[in-house]
Amino acid sequence: MRPKSHSLEIHKRRIRRPFSVGEVESLVQAVEQLGTGRWRDVKLQAFENAKHRTYVDLKDKWKTLVHTAQIAPHQRRGDPVPQELLDRVIAANNYWAAHQAKEQAELEA
DNA sequence: GTTAGGG
DNA sequence: CCCTAAC
């Protein structure tokens with residue numbers, strides 16, 4: 001059999017790029033202003049010159065941040081994210097969750 | 001092309 | 001990070 005030449009695959013899987021505390025800061029700041037349903041705008045406003053961060057990546061990072069903020073500090077990994085930022089993540093997440101729920105209610109009304 | 005969630 | 005149904 002032909003040993004599958006993986007070198008021919010062009011599925012350019014991107015390398016891991018742990019978000020720095022600074023990036024988290026920018027992400028939180030942007031979401032506080034734009035919300036959780038406008039990752040395209042978040043990318044443009046806070047990561048316009050970060051070619052390796054797509055709006056999908058930012059959406060995923062927010063998902064992990066919300067989770068990180070809810071688990072015990074000792075089960076978190078990587079460089080510790082300031083509790084102050086995690087608090088803002090929870091606050092912004094709750095705020096926009098209610099905001100979206102409100103829009104849903106108005107939409108079906 | 002972007003949103004939204006599971007994989 | 002990836003994959004992709006829905007829109």
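Values reported hereafter were calculated over all heavy atoms of this structure, with side chains retained and with hydrogens, waters and symmetry mates removed. These numbers come from a predicted model, not from an experiment. Proteins get letters first, then strands, A, B, ... in listed order; numbering begins at 1 in each.
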ask   = Which letters describe nucleotides 2-7 of chain B, given B = protein heavy atom under 4.0 Å from base, S = only from sugar-phosphate, - = neither?
value = BBBBBB
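- Although no hydrogens or angles enter the test, the distance criterion places a donor-acceptor pair under 3.5 Å between the side chain of A/K43 and the main chain of A/A50.
- Bounding nucleotides for the chain A contact on DNA chain C, 5' to 3', at a heavy-atom distance below 4.0 Å, are C/dC1 to C/dC3.
- Using a 4.0 Å cut-off between a side-chain N of Lys or Arg and a carboxylate O of Asp or Glu, A/E23 and A/R17 do not qualify as a salt bridge.
- For residues 60-77 of chain A, every residue pair satisfying the side chain to side chain donor-acceptor pair (under 3.5 Å) rule, not counting sequence neighbours, is listed here: A/W62-A/N93.
- Annotation: A/E48, atom CD; neighbour count of heavy atoms from other residues, nucleotides and ligands within 6.0 Å does not exceed 12.
- In this structure, the side chains of A/T36 and A/W39 come closer than 4.5 Å at one or more pairs of heavy atoms.
- From A/R88, atom CZ reaches atom OH of A/Y95 across 15.0 Å, with rounding to the nearest 0.5 Å.
- The closest side-chain heavy-atom distance from A/F19 to A/R53 is below 4.5 Å.
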